[in-house]
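One structure is given below, represented as structure tokens, and several questions about it will come after.
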Amino acid sequence: MRRREFMTLLGAAAAWPLAARAQQPAGRVYRVGYFATTSRERSLHLMKAFEEGLRSLGYRVGENVAIEYRFADGEMGRLSALATDLVRLGVDVIVAGNNTNTVAAMKVTTTIPIVVASSADPVSAGLVASLARPGGNVTGIAQDTGGEQHVKRLELVKDTLPNVSRVGVLWNPDFAPNPARLSSMREAAPALGLTLVPAEARGLDALEQAFATMVRERAQALVVLSDGVLFNFRGQIGVMAVRDRLPAIAAAREYAETDFLLTYGIDLRDGFRRSAAFVDKIFKGARPADLPVEQPTRFELVINLRTAKALGIIMPPALLARADEVIE
């Protein structure tokens, strides 16, 4: 080992807890705590992407890395206990799927590194001090850093359905970034000739009332502000949207793979795959405080033509030409 490398590792070891130190003895098995607000079933594709990322970096589950999986099944009240359990196990790093479980983990540890695979506006949410210098024990990947994507989805409503004037917004007020997201959409709506019809839903039992509100208020389309809770129930939301004749738009392709008309946002699987690189750097001695949060560089448009047919919608050819994927 070169002297410079040795001195760098020595400095990192002195500045960061034992759990994240580099150059562990041969045969060391690293322990990852994987923490999701959704169910195991709905997380399988993201788990697979994360494990693929680890394999590409030379890690083998069960050989030199062990993963402790914990799932809240959409029940936010379980998050604290699950996070506490991972800390008690003494994992080397926690991989969190979104803001909600990241906050839960932050409340029970300030020393174990936390890698968030899909954060929403992480600075204003208080996850990091800045994107360039996170400053604490959290780093990772941002799915958005403001309201631009949510305004873009309103624009897609008009591109797809030019005559629509009233758009329902299904949102969970308990998700910290959502008020700012909704505010950005409210500001942009008049210029697009749209009136928003917000409907709150904190869980599965609130969905029927939320859809009843949107139907009563004559909403003609639906935009979902995604969070861990609504993501877990995306299948039910898609069925209700088709039932009530509401063309639905959301952030991640997972929604389009149910009954949503289209989605526009980052590829969540890619985010979980890339989060493995953060884990690897932490294993090798990097501090989360010094690892810049990565911002999205590409957004994908996914269109579900089956849903379009079910709703009697003819998708504009120009929009189809822009799509990254068309589900037929």
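Along the sequence shown, residues are numbered consecutively beginning with 1.
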I'd like to know if Phe283 and Val29 are part of one continuous hydrophobic network [Ile/Leu/Val/Met/Phe/Trp/Tyr, side-chain heavy atoms within less than 4.5 Å]. no
To the nearest 0.5 Å, what is the distance between CG (Asp92) and CD (Glu68)? 11.0 Å
What about Val87 and Val32, same hydrophobic cluster or not, with Ile/Leu/Val/Met/Phe/Trp/Tyr joined at side-chain heavy-atom distances under 4.5 Å? yes
Quick one: list whatever passes side-chain contact (heavy atoms from CB on, under 4.5 Å) with Val157, sequence neighbours left out. Val164, Val167, Ala221, Val223, Ile249
Excluding sequence neighbours, so at least two apart, what forms ring-ring contact (aromatic ring centres under 6.0 Å, His included) with Phe231? Tyr255
Answer yes or no: is there a side-chain heavy-atom contact under 4.5 Å between Asn101 and Leu82? no
Distance-only, no hydrogens or angles: does the Gln149 side chain make a donor-acceptor pair with backbone N or O of Gln143 under 3.5 Å? yes
I need the His45 NE2 to Glu52 CD distance, nearest 0.5 Å. 11.5 Å
Please report the shortest heavy-atom distance between Val293 and Ala142, naming the atom on each side. CG1-N, 3.9 Å
Sequence-distant partners of Arg186, side-chain contact (heavy atoms from CB on, under 4.5 Å), two or more places apart: Leu182, Leu196, Pro198
Are any of the side-chain nitrogens in Asp227 or Arg181 under 4.0 Å away from the carboxylate oxygens of its partner? no
Heavy-atom pair of closest approach, residues Leu79 and Ala104: CB-CB, 3.8 Å
How long is the gap from OG on Ser165 to NZ on Lys158, to the nearest 0.5 Å? 7.0 Å
Only pairs under 3.5 Å count here: list side-chain donor-acceptor contacts from residues 259-269, not counting sequence neighbours, and write none if there are none.
residue, atom, partner, partner atom, Å
Asp267, OD1, Arg269, N, 3.0
Asp267, OD1, Asp270, N, 3.4
Arg269, NH2, Glu257, OE2, 3.4

Which is it for Arg55 and Arg60 under the side chain to side chain contact (heavy atoms under 4.5 Å, CB included) test, yes or no, and what are the steps along the way? CA-CA 6 Å; Arg55 281 195 297 273; Arg60 297 292 181 269; 3.6 Å; yes
Kindly determine whether Leu225 and Asn172 satisfy side chain to side chain contact (heavy atoms under 4.5 Å, CB included), including the steps that lead there. CA-CA 8 Å; Leu225 298 187; Asn172 177 6; over 6 Å; no
Chi angles and distances behind the side chain to side chain contact (heavy atoms under 4.5 Å, CB included) call for Gln220, Leu161: CA-CA 9 Å; Gln220 300 159 293; Leu161 306 160; over 6 Å; no
Could you check if a side-chain atom of Phe211 sits within less than 4.5 angstrom of a side-chain atom of Arg243, using non-hydrogen atoms only? yes
Please answer whether the main-chain N or O of Pro288 pairs with a side-chain N or O of Asn137 as donor and acceptor at a distance below 3.5 Å. no
For residues Glu300 and Glu325, determine if any side-chain heavy atom of one lies less than 4.5 Å from a side-chain heavy atom of the other. no
Would you mind reporting whether Met76 and Thr100 have side-chain heavy atoms less than 4.5 Å apart? yes
Hydrophobic clustering (ILVMFWY, side-chain heavy atoms < 4.5 Å, transitive) - are Leu44 and Ile67 grouped together? yes
Separation between CD (Gln295) and CD1 (Ile141), nearest 0.5 Å, reads 12.0 Å
Quick check: do Thr160 and Pro247 have side-chain heavy atoms less than 4.5 Å from each other? no
Should Glu254 and Arg234 be marked as a salt bridge (charged side-chain N to carboxylate O under 4.0 Å, His left out) after you check the CA-CA gap, both sets of side-chain angles, and the distance that decides it? CA-CA 8 Å; Glu254 285 81 356; Arg234 61 190 182 277; over 6 Å; no
Nonpolar side-chain network containing Ile327, other nodes, edges under 4.5 Å: Val302
Is the side chain of Arg202 donor-acceptor paired with the backbone N or O of Asp174 at a distance under 3.5 Å, no angle test? no
Does any N or O in the side chain of Arg28 come within less than 3.5 Å of the main-chain N or O of Asn64, such that one atom is a donor and the other an acceptor? no
Please examine the side chains of Met47 and Phe71, heavy atoms only from C-beta on, and report whether any two atoms are closer than 4.5 Å. yes
Would you mind reporting whether Val123 and Leu131 have side-chain heavy atoms less than 4.5 Å apart? yes
Between Ser43 and Tyr34 the two heavy atoms that sit nearest each other are O-OH, 4.3 Å
Using atom types as modelled and distance alone, determine if a side-chain donor or acceptor of Asn232 lies under 3.5 Å from a backbone N or O of Arg42. no
Test side chain to side chain contact (heavy atoms under 4.5 Å, CB included), reference Ile114, set Val95, Val93, Thr102, output is Thr102
Between Thr213 and Arg216, does a side chain to side chain contact (heavy atoms under 4.5 Å, CB included) hold up when you go through it step by step? CA-CA 5 Å; Thr213 296; Arg216 184 176 64 250; 3.6 Å; yes
Within the distance-only criterion (no hydrogens, no angle test), does the side chain of Asp73 pair as donor or acceptor with the backbone N or O of Glu75 below 3.5 angstrom? no
Indicate the atoms forming the closest heavy-atom contact of Phe50 with Ser275, along with that distance. CD1-OG, 3.5 Å
Parallel, tilted or perpendicular, as decided by the 30° and 60° cut-offs, for the rings of Tyr59 and Tyr30: perpendicular
Check for a donor-acceptor pair, side chain of Ser183 on one end and backbone N or O of Pro179 on the other, with a separation under 3.5 Å. no
Which heavy-atom pair separates Met214 from Val197 by the least distance, and what is that distance? CG-O, 4.0 Å
Under a single-linkage definition using a 4.5 Å side-chain heavy-atom cutoff for Ile, Leu, Val, Met, Phe, Trp and Tyr, are Leu301 and Ile313 assigned to the same hydrophobic cluster? yes
Check for a donor-acceptor pair, side chain of Ser184 on one end and backbone N or O of Ala180 on the other, with a separation under 3.5 Å. yes
Transitive ILVMFWY side-chain link Val239 to Ile237, under 4.5 Å: no
Among residues at least two apart in sequence or on other chains, which ones pass ring-ring contact (aromatic ring centres under 6.0 Å, His included) with Phe175? none
Heavy-atom closest pair, residues Thr139 and Pro134: OG1-CG, 4.0 Å
Measure the CD1-CE distance between Ile303 and Met315 for me, rounded to the nearest 0.5 Å. 4.0 Å
Side-chain contact, heavy-atom cut-off 4.5 Å: Leu86 with Val108? no
So, Asp280 side chain and Gly58 main chain: donor-acceptor pair closer than 3.5 Å or not? no
One should read off an interatomic distance between Trp171 CH2 and His150 NE2, to the nearest 0.5 angstrom, of 12.5 Å
Where the side chain of Ser119 meets the backbone of Pro122, is there a donor-acceptor pair that is under 3.5 Å apart? no
